[in-house]
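Atoms within a ligand are numbered from 1 in the order they appear, just like the ligands themselves. In this text, all values refer to a predicted model and were calculated from it rather than measured experimentally. Excluded from the calculations below are hydrogen atoms, water molecules and symmetry mates; all remaining heavy atoms, backbone and side chain alike, are included.
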Amino acid sequence: MYSTDLRTDKEKKSADQQVLDDAQLWDAFQARIDNGEVIEAKDAMPEKYRQTLIRQISQHAHSEIVGQLPEGNWVTRAPTLKRKLILLAKIQDEAGHGLYLYSAAETLGRSRDDMVADLLSGKAKYSTIFNYPAPTWADIGTIGWLVDGAAIVNQIPLCRCSYGPYARAMVRVCKEESFHQRQGYEIVTKLAQGTAEQKALAQDSLNRFWWPSLMMFGPSDSASTHSSQNMKWNIKRHSNDELRQRFIDATVPQAEFLGLTVPDADLKWNEERGSYDHGEIDWNEFWAVIKDGGICGKDRIRARRAAAKDGVWVRAAGEAYAEKQRAKEQAA
Ligand code: FAQ
């Protein structure tokens with residue numbers, strides 16, 4: 001398939017020679033980071049920096065692609081034509097995010113085919129949130145409100161990530177996520193201000209998605225294996241717990257405005273900290289969903305495998321067309 005690794009073979013070879021393993025070169029790279037410089041695809045970089053970015057960006061891309069599935073399920077059942085159009089536009093945006101992100105990861109030398117193969121084989125991770133079911137229309141509102149809301153809080157700092165292609169992709173992604181968050185909140189608002197039955201649907205959805213949304217920020221700081229190195233490299237700008245807290249502080253007043261109750265008996269405003277104290281997250285559930293895919297993991301991978309199989313002829317047609325164009329250009 002198409003590759004956006006921008007380096008020529010010669011450049012790749014010389015970059016390989018420059019693998020920054022010895023302390024002096026690591027120091028020089030760290031000095032560039034500390035100086036706030038942006039690292040570009042052709043720049044020399046420690047192999048660990050390259051690999052960690054491929055890991056994070058490809059997981060992020062997979063999340064965008066798998067994240068289309070719970071919403072895609074609702075396209076035919078959206079309550080009005082307008083809702084259907086908005087939902088379709090949102091799902092298309094998520095596909096676009098996946099594509100920018102695969103492209104950004106390809107600049108680091110891993111092909112999109114290889115990354116997708118890892119997803120289909122079950123080797124690659126994607127966000128646990130997409131392994132939860134979305135059985136009601138209210139869930140489509142809640143996904144926009146909470147899941148896109150959490151994604152924005154997590155991703156805005158990534159617009160200043162030290163790796164240029166990732167940071168630039170994030171600028172557009174965040175703008176689109178912001179529209180997604182607002183459309184979700186609007187759906188939930190309509191339900192919360194509707195009949196008692198509609199409000200109950202909204203509350204039930206919040207009950208089911210609240211805790212999994214908090215898990216989107218990753219394990220607590222004490223259990224996060226990558227945070228400290230990634231913060232040193234300016235890939236991450238804030239820790240998982242800091243961003244989670246920021247999301248809670250922004251979202252609780254939104255729930256209160258709608259007359260909905262956040263399902264956390266320990267949630268309490270802490271005047272001294274100027275922040276909400278919250279209850280303990282069930283980390284056993286988080287790790288179990290990562291390990292065995294939770295309720296929907298098997299279905300999600302099955303759906304992606306079917307899409308890959310059903311799309312073979314489209315990719316073959318694209319390649320045949322490109323080949324034909326190349327032959328025409330050569331003949332001209
Ligand atoms: N799910 O050491 P840390 C979206 C893994 S996009 C699954 O803290 P790190 C848009 C982690 O990979 C949502 N695995 O890791 C949308 C690592 O495992 P590894 C996705 C998780 O990288 C909306 C291990 O745990 N967003 O929603 C999760 O420093 C609606 C240890 O963790 C991004 O990917 C999790 N929740 O921090 C689409 C944003 N959390 O690789 C459709 C970019 C952690 O060593 C509809 N990513 N793990 O085997 C990040 O910011 C970071 O990668 C974190 C994790 C914050 C997710």
Side-chain angles (χ1 to χ4, degrees), residues 48 51-74 87 89-98 100-101 104-105 118-119 123-132 134 139-159 161 163 166-167 169-170 173-174 176-181 183-184 209 211-233 235-244 246-247 281 283 285-294 297 300:
K48 277 195 177 153
Q51 291 305 333
T52 214
L53 279 166
I54 292 175
R55 177 189 67 81
Q56 175 165 329
I57 302 172
S58 62
Q59 285 176 3
H60 193 166
H62 301 326
S63 302
E64 301 281 357
I65 296 298
V66 176
Q68 296 175 104
L69 295 169
E71 294 179 320
N73 230 357
W74 275 94
L87 185 58
K90 178 186 191 299
I91 295 168
Q92 276 182 334
D93 284 352
E94 309 299 0
H97 299 173
Y100 314 149
L101 288 162
D118 284 350
L119 173 67
K123 186 174 155 205
K125 288 193 174 71
Y126 57 85
S127 185
T128 45
I129 190 74
F130 301 116
N131 283 339
Y132 289 84
D139 294 336
I140 298 305
T142 310
I143 288 172
W145 173 30
L146 299 186
V147 177
D148 286 279
I152 295 170
V153 172
N154 182 243
Q155 289 165 203
I156 285 193
L158 292 174
C159 298
C161 157
Y163 188 57
Y166 191 28
M170 277 301 108
V173 169
C174 285
E176 292 176 350
E177 301 292 26
S178 158
F179 150 68
H180 299 167
Q181 194 271 351
Q183 68 83 38
F209 274 92
W211 293 102
S213 299
L214 299 189
M215 294 174 194
M216 285 178 70
F217 295 91
S220 61
D221 291 353
S222 57
S224 170
T225 41
H226 303 295
S227 281
S228 79
Q229 181 61 67
N230 287 2
M231 286 170 75
K232 219 172 143 202
W233 276 330
I235 294 173
K236 275 166 113 156
R237 297 277 178 168
H238 308 278
S239 76
N240 298 353
D241 287 336
E242 272 170 35
L243 292 174
R244 193 171 4 253
R246 205 176 274 188
F247 171 74
I281 292 169
W283 293 115
E285 176 180 319
F286 172 74
W287 294 114
V289 177
I290 288 191
K291 192 160 165 264
D292 66 22
R300 303 294 186 231

What protein heavy atom is closest to atom 12 (O) of ligand 1, reported as residue, atom name and distance in Å? Gln59 OE1, 2.8 Å
I need the atoms of ligand 1 closer than 4.0 Å to a non-hydrogen atom of Thr225, numbered in the order shown. 2 (O), 31 (C)
Of Gln56, Glu176, Lys125, which has the heavy atom at the shortest distance from atom 19 (P) of ligand 1? Lys125
Compare His226, Gln155, Arg244, His60 and give the one whose heavy atom is closest to atom 45 (O) of ligand 1. His226
Before you tell me yes or no, could you show the steps for Glu64 and His60 under side chain to side chain donor-acceptor pair (under 3.5 Å), namely the whole-Å CA-CA distance, both residues' side-chain angles and the distance that decides it to 0.1 Å? CA-CA 6 Å; Glu64 301 281 357; His60 193 166; 3.3 Å; yes
Can you check side-chain contact (heavy atoms from CB on, under 4.5 Å) on Tyr132 and Val289, steps first, answer last? CA-CA 9 Å; Tyr132 289 84; Val289 177; 3.6 Å; yes
When you look at Phe179 and Asp93, which way does the side-chain contact (heavy atoms from CB on, under 4.5 Å) test go after all the steps? CA-CA 10 Å; Phe179 150 68; Asp93 284 352; 4.0 Å; yes
Under-4.0 Å salt bridge between Arg244 and Asp241: yes
Take Leu53 and Trp233, measure what side-chain contact (heavy atoms from CB on, under 4.5 Å) needs, and give me the verdict at the end. CA-CA 10 Å; Leu53 279 166; Trp233 276 330; over 6 Å; no
If you take all heavy atoms of Glu71 and Gly67, which pair is closest and at what distance? OE1-O, 3.9 Å
Where ligand 1 meets Val147 - atom numbers and elements under 4.0 angstrom, heavy-atom basis: 23 (C), 27 (O), 30 (C)
In terms of the angle between their ring planes, are Phe286 and Trp283 parallel, tilted or perpendicular, with boundaries placed at 30° and 60°? perpendicular
At a 4.0 Å threshold, what atoms of ligand 1 neighbour a non-hydrogen atom of Gly67? 42 (C), 46 (C)
If you count the atoms of ligand 1 from 1 in the order shown, which ones are under 4.0 Å from a heavy atom of Tyr166? 43 (C)
Which residue holds the protein heavy atom closest to atom 23 (C) of ligand 1, what is that atom called, and what is the gap in Å? Asp148 OD1, 3.3 Å
Which segment of Met215 sits under 4.0 Å of ligand 1 when only heavy atoms are counted: backbone
re atom 7 (C) of ligand 1, the protein heavy-atom contact at minimum distance is Tyr126 O, 3.3 Å
May I have the step-by-step check of side-chain contact (heavy atoms from CB on, under 4.5 Å) for Tyr126 and Leu119, ending in yes or no? CA-CA 8 Å; Tyr126 57 85; Leu119 173 67; 3.8 Å; yes
For Ser224, counting its heavy atoms only, list the atoms of ligand 1 lying under 4.0 Å from any of them. 2 (O), 3 (P), 8 (O)
Quick one: pull up CD in Gln155 and NE2 in His97 and give me the separation to the nearest 0.5 Å. 8.5 Å
Should Ser63 be counted as touching ligand 1, given the test is an N or O pair under 3.5 Å? no
Does the protein put a heavy atom under 4.0 Å from atom 54 (C) of ligand 1? no
Might you point out which heavy atoms bring Tyr100 and Ala169 nearest each other, and give the distance in Å? CB-CB, 4.0 Å
Between CE on residue Met231 and CG on residue Asp221, distance to nearest 0.5 Å: 7.5 Å
Would you kindly say whether His180 and Glu177 are connected by a side-chain donor-acceptor distance under 3.5 Å? yes
Could you pull out, from Lys236, His238, Met216, the option with a heavy atom nearest to atom 27 (O) of ligand 1? Met216
Atom 28 (C) of ligand 1 has as its nearest protein heavy atom Phe286 CZ, 3.6 Å
If hydrogens are left out, which of Asn154, Asp241, Leu101, Leu243 has an atom nearest to atom 39 (C) of ligand 1, that is, the closest non-hydrogen atom? Asn154
Which residue and heavy atom of the protein sit nearest atom 40 (N) of ligand 1, plus the separation: Gly218 CA, 3.2 Å
Check each atom of ligand 1 against the heavy atoms of Phe217 and keep those under 4.0 Å away; list them by number with element. 56 (C)
May I ask whether Glu177 places a heavy atom under 4.0 Å from ligand 1? yes
The closest protein heavy-atom partner of atom 21 (C) of ligand 1 is Ile290 CD1, 3.7 Å
Regarding ligand 1, does Glu64 bring an N or O atom to under 3.5 Å of one of the ligand's N or O atoms? no
Salt-bridge contact Lys90-Glu94 (side-chain N to carboxylate O under 4.0 Å): yes
Could you identify the single nearest non-hydrogen protein atom to atom 42 (C) of ligand 1 and state the distance to 0.1 Å? Glu94 CD, 3.4 Å
Tell me the contacting part of Met231 for ligand 1: side chain, backbone, both, or neither, using a 4.0 Å heavy-atom threshold, strictly below. neither
What side-chain donor-acceptor pairs closer than 3.5 Å can you find for residues 223-230, not counting sequence neighbours?
{"from": "Ser224", "atom 1": "OG", "to": "Ser227", "atom 2": "N", "distance (Å)": "3.3"}
{"from": "Ser224", "atom 1": "OG", "to": "Ser227", "atom 2": "OG", "distance (Å)": "2.6"}
{"from": "Ser227", "atom 1": "OG", "to": "Lys236", "atom 2": "NZ", "distance (Å)": "2.9"}

Tell me, please: is Lys90 in heavy-atom contact with ligand 1, that is, under 4.0 Å? yes
N/O donor to acceptor pairs below 3.5 angstrom from side-chain atoms of residues 211-219, sequence neighbours left out:
{"from": "Trp211", "atom 1": "NE1", "to": "Pro263", "atom 2": "O", "distance (Å)": "3.0"}
{"from": "Ser213", "atom 1": "OG", "to": "Phe209", "atom 2": "O", "distance (Å)": "2.6"}

Nearest non-hydrogen protein atom, atom 1 (N) of ligand 1: Thr128 N, 3.0 Å
